[in-house]
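Along the sequence shown, the residues carry numbers beginning at 1. Since this is a predicted model, take the numbers as computed values, not measurements.
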Amino acid sequence: PDALRDGTHEAVAEEIRERRAVCIKKFRNKLPEATRKQQASMVTLFKEQLDVLADLAASQTPAVLWAGECRFYRVQNETAVVCRCGDLETPVGENFPGND
């Protein structure tokens with residue numbers, strides 16, 4: 001995001017809050033079920049990002065804190081996403097037993 005160029009946690013947090021608000025406002029309209037699920041996931045993701053950002057800003061050792069967080073990355077040139085935490089990495093998706 002553009003806020004990362006600013007270099008302040010608050011600028012990043014404000015951009016995340018704005019993006020989260022856009023997602024929340026979409027629920028005012030009738031949405032297809034798949035879109036509704038996607039938007040709900042994005043709202044949750046943005047909330048998690050705000051919480052992690054607050055924790056990092058308050059931490060005396062943000063690098064140590066960051067190493068223990070689950071971080072999600074898109075695999076370059078693919079649609080796949082992987083989750084990394086510490087030295088571990090695993091692919092993720094929406095195919096969970098609870099969704100069947």
Side-chain angles (χ1 to χ4, degrees):
D2 293 334
L4 290 176
R5 290 187 200 102
D6 183 343
T8 67
H9 287 99
E10 189 50 43
V12 175
E14 183 57 31
E15 186 162 332
I16 294 169
R17 281 191 288 272
E18 289 172 7
R19 291 178 184 208
R20 186 171 185 257
V22 168
C23 288
I24 291 170
K25 288 177 184 174
K26 289 181 181 180
F27 285 103
R28 295 176 181 170
N29 302 311
K30 186 172 176 77
L31 300 171
E33 184 63 25
T35 303
R36 212 167 182 55
K37 285 182 179 180
Q38 181 185 41
Q39 292 303 307
S41 294
M42 292 304 297
V43 168
T44 302
L45 175 64
F46 288 139
K47 173 65 170 121
E48 176 66 19
Q49 288 177 339
L50 288 168
D51 291 346
V52 169
L53 189 58
D55 290 346
L56 287 169
S59 177
Q60 296 294 326
T61 55
V64 173
L65 178 68
W66 182 245
E69 289 289 329
C70 290
R71 301 167 320 274
F72 296 87
Y73 300 94
R74 186 175 63 120
V75 178
Q76 193 170 7
N77 300 324
E78 295 183 30
T79 59
V81 173
V82 296
C83 176
R84 296 182 189 143
C85 186
D87 294 334
L88 304 174
E89 180 177 306
T90 188
V92 295
E94 291 186 3
N95 188 19
F96 301 105
N99 288 347
D100 293 340

Exercise. Taking atom CG of L56 and atom CD of Q49, what is their separation to the nearest 0.5 Å?
Worked result: 11.5 Å

Exercise. CD/E33 to NZ/K37 distance, rounded to the nearest 0.5 angstrom?
Worked result: 5.5 Å

For this session: Kindly determine whether Y73 and E89 satisfy side-chain contact (heavy atoms from CB on, under 4.5 Å), including the steps that lead there.
Result: CA-CA 10 Å; Y73 300 94; E89 180 177 306; over 6 Å; no

Nearest heavy-atom pair of [X] and [Y]: which atoms, and what distance?
X	Y	answer
V43	C23	CG2-CB, 3.7 Å
F27	Q39	CZ-CB, 3.7 Å
G86	R71	N-NH1, 3.9 Å

Exercise. Are M42 and L50 in one and the same hydrophobic cluster, where Ile, Leu, Val, Met, Phe, Trp and Tyr link if side-chain heavy atoms are under 4.5 Å apart?
Worked result: yes

Problem set entry | Single-linkage hydrophobic cluster, 4.5 Å side-chain cutoff, L45 and V52 together | no

Problem set entry | Partners passing side chain to side chain donor-acceptor pair (under 3.5 Å) against E18 (at least two apart in sequence or in another chain) | none

Problem set entry | side chain to side chain donor-acceptor pair (under 3.5 Å) involving E10 - partner list, sequence neighbours excluded | R17

Seminar exercise, completed: For C83, the side-chain contact (heavy atoms from CB on, under 4.5 Å) test, sequence neighbours excluded, returns C70, F72, T90, V92

Exercise. Is there any side-chain hydrogen bond (donor to acceptor under 3.5 Å, both in side chains) pair reaching into residues 22-32, and which pairs are they, with sequence neighbours excluded?
Worked result: none

Seminar exercise, completed: The complete set of side-chain hydrogen bond (donor to acceptor under 3.5 Å, both in side chains) pairs with one or both residues in residues 53-62, sequence neighbours excluded, reads none

Exercise. Please, which pairs that meet salt bridge (Lys or Arg N to Asp or Glu O under 4.0 Å) have at least one residue in residues 42-54, sequence neighbours excluded?
Worked result: K47-D51

